[in-house]
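Below is one structure; the comments refer to it alone.
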Amino acid sequence: MTPPTKPNRLHKAAADSRKLTFDDNALAQQLFGPHQDHLKRIEDALGVALQDVGNEVTVLGEKIAVKAAVAALEGLYTRLESGRDVDAQEVDAALRMSSQDGKKSADVGVEIKTRKRSITPRSPAQAAYLGAIDENVLVFGIGPAGTGKTYLAVAKAVERLVRGDVERIILSRPAVEAGEQLGFLPGDMREKVDPYLRPLYDALHDMMPAEQVTKRLENGDIEVAPLAFMRGRTLANAFVILDEAQNTTAVQMKMFLTRLGENARMVVTGDLSQVDLPRGTRSGLRDAVDIIGEVDGVAVSHFDESDVVRHHLVAKIVKAYDVTDARRKSGARYESGDASQADG
């Protein structure tokens, strides 16, 4: 039995409790995790106490936290019942999903099925993003690294290709820099650009068997190319993804967006806090969102550090940088104000 780990945080006047019983003892043990690690993870995240006896768990804590813990446990158990595994990452995902509205994560009902795996959203923002891709022709996914923007877009593209909804997938990135000055790099064009497109290849291999990726790349069903290769083309019957779009100029972004053809979908992803353009050059991603973000058929999905699904430390790193950047910008504005007053 797991004793309450945070009794000092449970106040009698505000405390709540719920008892859950899981019908399948074997699945219950998988739910609890080795040495009750999954239960401990939920305790630490929500500040609740979980007491397990056999196939039962009693949840103690503040009302809202108890509701979130119950939703997470029920969602994870539903996942196990469907034959899918539960690990520490899935526990974290269930916590993110349930803590927003008290609904179990399985209720989201969004699942991408590819040849190698089934993929479900791991945060409410991811669920909204997948919904936006289903409902709109053009979607912008904006947020920090590790939030699944590109990975989920590639998964959607593979799902639609295999299902026959589109004839091909086109994956693109600005190569090296916005100017795409590749001439000084060694090798032929493919050798020059492949290192910058490697994350897209990695995502493909995560969704499909290696031989299928190779075959589809060879026959043109899947194309991975730098942004410069999009000029002058009409991209029809395709699922098109532009990654690292914060490093496009406004002219490049307009060029790319106007390639959209019949029966095509586009997803544009980027992190506006990681712009590598020359100082004074406006990001094409920011420009496009400002100009067409509210056009019918266009959706903008935003992510933040709470949506990071990589190692838990990544979210803390992103948040620390955001706080520091905000402080520096605030300081710069203050110094600028002082200077203008002095000049006056």
Side-chain angles (χ1 to χ4, degrees), residues 1-12 14-113 116-127 146-148 206 305-316:
M1 182 174 72
T2 305
T5 56
K6 300 175 177 63
N8 59 314
R9 297 170 69 172
L10 306 179
H11 303 286
K12 290 182 179 180
D16 192 16
S17 68
R18 282 282 304 276
K19 179 181 284 188
L20 300 176
T21 302
F22 303 102
D23 296 333
D24 189 314
N25 286 343
L27 292 183
Q29 295 312 306
Q30 292 180 49
L31 172 64
F32 301 163
H35 310 294
Q36 280 71 39
D37 285 348
H38 296 166
L39 298 184
K40 295 172 186 174
R41 203 172 189 89
I42 294 171
E43 287 181 329
D44 291 341
L46 297 176
V48 296
L50 303 179
Q51 299 173 320
D52 64 288
V53 179
N55 62 339
E56 294 184 344
V57 175
T58 299
V59 186
L60 304 168
E62 301 297 328
K63 187 172 183 178
I64 294 176
V66 168
K67 186 177 181 181
V70 168
L73 288 165
E74 289 179 339
L76 290 167
Y77 187 74
T78 299
R79 179 182 177 86
L80 288 167
E81 286 183 313
S82 68
R84 291 175 290 168
D85 292 334
V86 166
D87 57 17
Q89 287 186 327
E90 293 300 337
V91 174
D92 290 343
L95 288 166
R96 280 191 294 270
M97 298 298 293
S98 64
S99 62
Q100 298 291 318
D101 54 15
K103 297 179 182 178
K104 61 182 181 180
S105 57
D107 287 342
V108 176
V110 180
E111 183 177 10
I112 306 171
K113 293 186 177 180
K116 289 183 72 173
R117 63 179 59 197
S118 293
I119 299 160
T120 53
R122 293 188 168 187
S123 76
Q126 285 193 352
T147 51
D206 230 15
E305 72 275 359
S306 67
D307 301 303
V308 173
V309 294
R310 292 180 184 170
H311 192 284
H312 64 87
L313 186 57
V314 175
K316 295 180 181 178

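Keep in mind that what you see is a predicted model, and the values were worked out from it rather than measured.
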Grab the two heavy atoms, one from [X] and one from [Y], that are nearest each other, plus how far apart they are.
{"X": "Q126", "Y": "G148", "answer": "NE2-CA, 3.9 Å"}
{"X": "L27", "Y": "L80", "answer": "O-CD1, 3.4 Å"}
{"X": "H38", "Y": "V91", "answer": "CG-CG2, 3.7 Å"}
{"X": "K19", "Y": "T58", "answer": "CE-OG1, 3.7 Å"}
{"X": "L95", "Y": "R41", "answer": "CD1-O, 4.3 Å"}
{"X": "S306", "Y": "R96", "answer": "O-CD, 3.1 Å"}

[atom1] of [X] to [atom2] of [Y]: how many Å apart, nearest 0.5 Å?
{"X": "K67", "Y": "L46", "atom1": "NZ", "atom2": "CG", "result": "13.5 Å"}
{"X": "L31", "Y": "Q36", "atom1": "CG", "atom2": "CD", "result": "10.5 Å"}
{"X": "I42", "Y": "L73", "atom1": "CD1", "atom2": "CG", "result": "4.0 Å"}

- Task: Give the intermediate values and the outcome of side-chain contact (heavy atoms from CB on, under 4.5 Å) for residues Y77 and D24.
- Result: CA-CA 10 Å; Y77 187 74; D24 189 314; 3.4 Å; yes

- D85 CG: over 12 foreign heavy atoms closer than 6.0 Å: no

- Among V57, V59, L60, L39, which one satisfies side-chain contact (heavy atoms from CB on, under 4.5 Å) with Q51?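 Of the listed options, the one satisfying the test is L60.
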
- Query: Can you name the residues that form a side chain to side chain donor-acceptor pair (under 3.5 Å) with Q30, not counting sequence neighbours?
  - Reply: none

- Query: Can you name the residues that form a side chain to side chain donor-acceptor pair (under 3.5 Å) with Q29, not counting sequence neighbours?
  - Reply: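 Testing Q29 for side chain to side chain donor-acceptor pair (under 3.5 Å), a comparison that skips the adjacent residues, returns none.
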
- Query: Heavy atoms, side chains only, cut-off 4.5 Å: are R79 and T120 in contact?
  - Reply: yes

- With side chains defined as the heavy atoms from C-beta onward, is the minimum distance between N55 and D23 less than 4.5 Å? no

- Query: Side chains of D307 and S123: is there a donor and an acceptor less than 3.5 Å apart?
  - Reply: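 Yes.
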
- Return the orientation label for the F32 and F22 ring planes: parallel under 30°, perpendicular over 60°, tilted otherwise.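 Perpendicular.
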
- Query: Ignoring hydrogens and geometry, is there a side-chain-to-backbone donor-acceptor pair from K40 to H35 under 3.5 Å?
  - Reply: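 Judged by distance alone, yes, a pair lies under 3.5 Å.
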
